[in-house]
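To keep things clear, I will list the structure first and then write my remarks on it.
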Amino acid sequence: MSVLLQTGRVVTADSDSICDILVEGETIVGLGRGLPQPAGAQVIDCTGKLIVPGGIDPHVHLSMPFMGTFSSDDYETGTRAALHGGTTTVIDFILQKQGGSLRSAFEEWSGRATGNALGDYSFHMAVTDFNPDTKEEIQEMIAEGITSFKTFMAYKGALMIDDAQLVGLMQEVRKYGGLVTVHATNGDMIDTLVAQHRAQGQLAPLYHYRSQPEVTEAEASGRFADIANYTGVNAYIVHLTCEGALNQVRRATQRNQRVLVETCIQYLLLDASLYENEAEGAKWVMSPPLREKKDQATLWAGLNQGLVQVVGTDHCPFMWEQKLLGKDDFAKIPNGHPAVEHRMELLFSEGVNKGRITPQKFVEVTSTNAAKIFGMFPRKGTISIGADADLVIFDPQKKHAISAETHHMNCDYSAYEGWELTGKIDTVLLRGQVAVDAGETKVAKGYGRFIKRDKPVF
Ligand code: URP
Ligand code: ZN
Ligand code: ZN
Ligand code: ZN
């Protein structure tokens, strides 16, 4: 089966031109102007449309056991929603159980994902207990195609590791050329501030924000960068939100160290004033919390400075009823929000259409850089001959509004309810198959494949 996409504006991280794309089976086989139409080919007229590489969201949590409940999107609903938003590949986080093995956690997560995903997926391994047995498993996980290892410097007693474990993990991962990623906030300091607020009866969502001031993130980001520099490991900070933390990354560049940075769409677009709404603030309770306008400005600049390479989502939705677990105590609100579906449309509308970033930067930070950093390039993350035909046909001028009533995420509220966007996804191809067209899902559960990843090339 072949598909010919005609006369689209094809944008990659390093090119921007009007041309045709020929897809044969799962792969791009032709790229150029006026390509001949093979007999029986499906032809899609892309005049006036942008064609970009399928999005890669390297930060999602599907069916994640967390804070006494599970995130409400599973591999089926989560990857379907991702496809509707132009994201053809997601990377989820396996969580090692403290006291358990990496292998058993890998099996548990694979069991939930296999046969259920519509879109392609891969895993990071969150090491929550680095000990002599875990150390032995690092090389084994890399052989399975899990080349990135996540650490938490917060959530003590559940996910957090201490600096001794962090050093040990980095030394081991470095041996094999893998990547160590981090949730960089100072867990002990946060726990102290949480306890102080609760002791004073300050229990509203606003105090979630007040318990994680900028310094908690800046300190941990700097510490992580310093330890990574000492060990020489490839380092990546997930969901970076603020000026103080980015300044630590800037400081690292002065010794010619590169610390890779992901921010998430919400930190570019939403701010902490949302927590002043006592009744609904829980919708945006996530860690780290939303910050200030000045931080948004720093992050937009960081994208253009090349200090921030990736825009993800940290998609971790909970139903409103689950959020109500914390109605009397902010510390019991499950942390996270729904986001995977609208990352690309939001970034295009607020970023490209408002002149903050170029279309090429948009491609870089939604797809190409993640493909390189997480070892999937050039199979994914670009439009070139031999690459997977993961393609998004995008109407740059079409207007639409975001609502929980029309989104595909398994969540009964939207973090962006009523937002009006310019630029909408028309059609999405995943490995040559039309996966979404005009708002309809065209692939079935089970079409999504586990992507074995290589080492970072960045
Ligand atoms: O609030 C968040 N971010 N929930 C998911 C877990 C994490 O820290 O990424
Ligand atoms: Zn949409
Ligand atoms: Zn996190
Ligand atoms: Zn996360």
Side-chain angles (χ1 to χ4, degrees), residues 56-73 78 82 87 90-96 109 121-128 148-161 166 180-187 190-191 194 205 207-209 211-212 216-218 220-221 224 235-242 245 260-268 270 272 274-275 281-291 310-319 322-323 325-326 330-340 343 370 374 409 411 413 415:
I56 298 170
D57 186 342
H59 195 151
V60 306
H61 301 278
L62 303 175
S63 296
M64 178 171 83
F66 191 50
M67 296 182 74
T69 185
F70 281 82
S71 57
S72 60
D73 260 321
T87 293
V90 298
I91 315 182
D92 189 25
F93 293 82
I94 299 171
L95 305 181
Q96 175 193 19
W109 258 256
Y121 64 95
S122 187
F123 295 124
H124 307 282
M125 175 59 74
V127 177
T128 63
S148 46
F149 296 85
K150 167 78 177 290
T151 60
F152 290 90
M153 295 169 87
Y155 304 124
K156 200 172 191 169
L159 304 173
M160 177 170 154
I161 60 172
L166 187 59
V180 173
T181 80
V182 68
H183 171 125
T185 62
N186 183 320
I190 292 167
D191 289 349
V194 168
Y207 294 96
H208 169 78
Y209 169 62
S211 298
Q212 299 200 32
T216 58
E217 188 179 337
S221 301
F224 175 80
Y236 177 100
I237 299 177
V238 309
H239 59 36
L240 184 141
T241 71
C242 59
L260 300 164
V261 173
E262 162 201 292
T263 189
C264 296
I265 188 69
Q266 62 272 21
Y267 300 119
L268 291 163
L270 304 175
L274 290 163
Y275 298 123
K283 289 181 178 172
W284 298 278
V285 164
M286 63 187 79
S287 293
L290 301 172
R291 302 287 185 196
V310 174
V311 178
T313 60
D314 195 7
H315 176 73
C316 188
F318 296 98
M319 292 289 189
Q322 294 174 288
K323 286 284 188 180
L325 291 168
F330 71 86
K332 296 189 177 135
I333 303 169
N335 286 200
H337 82 309
V340 73
R343 175 183 69 130
F374 295 108
M409 297 177 283
C411 189
Y413 75 89

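Please read these numbers as outputs of a predicted model, since none were measured by experiment. Whatever order the structure lists ligands and atoms in, that order sets their numbers, starting from 1. Just so it is clear, the values below take in all heavy atoms, side chains as well, and ignore hydrogens, waters and symmetry mates.
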Please tell me if the side chains of [X] and [Y] come closer than 4.5 Å, counting only heavy atoms from C-beta onward.
X	Y	value
D73	H315	yes
K150	H183	yes
F374	H124	yes
V180	F224	yes
V310	Y236	yes
I94	Q96	no

With a heavy-atom distance limit of 4.0 Å, tell me whether M286 approaches ligand 1 through its side chain, its backbone, both, or neither.
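Both backbone and side chain.
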Is the contact between D314 and ligand 1 made by the side chain, the backbone, both, or neither, using heavy atoms and a 4.0 Å cut-off?
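Side chain only.
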For [X], take its heavy atoms, then give the atoms of ligand 1 lying under 4.0 Å from any of them.
X	result
S287	1 (O), 2 (C), 3 (N), 8 (O)
H183	8 (O)
N335	1 (O), 2 (C), 4 (N), 5 (C)
Y155	2 (C), 6 (C), 7 (C), 8 (O)
H239	8 (O), 9 (O)

Any N/O/S atom, side chain or main chain, of H183 closer to the Zn ion (ligand 4) than 2.8 Å?
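So H183 does not bind the Zn ion (ligand 4) by this criterion.
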If the plane angle is over 60° it's perpendicular, under 30° parallel, otherwise tilted; pick one for H61 and F93.
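Ring orientation of H61 relative to F93: parallel.
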Which one of H61, H59, Q266 has a non-hydrogen atom at the shortest distance from atom 5 (C) of ligand 1?
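Answer by nearest heavy atom: H61.
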Using only N, O or S atoms, tell me which atom of D314 is closest to the Zn ion (ligand 4).
OD1
Looking from the Zn ion (ligand 4), what is the angle between NE2 on H59 and NE2 on H61, to the nearest 10°?
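Taking the Zn ion (ligand 4) as the apex, I get 110° for this pair.
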For the Zn ion (ligand 3): the N/O/S atom of H239 at shortest distance
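Of all N, O or S atoms belonging to H239, NE2 is the one nearest the Zn ion (ligand 3).
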Using the benzene-type ring in the case of Trp, are the ring centres of Y209 and F330 under 6.0 Å apart?
no
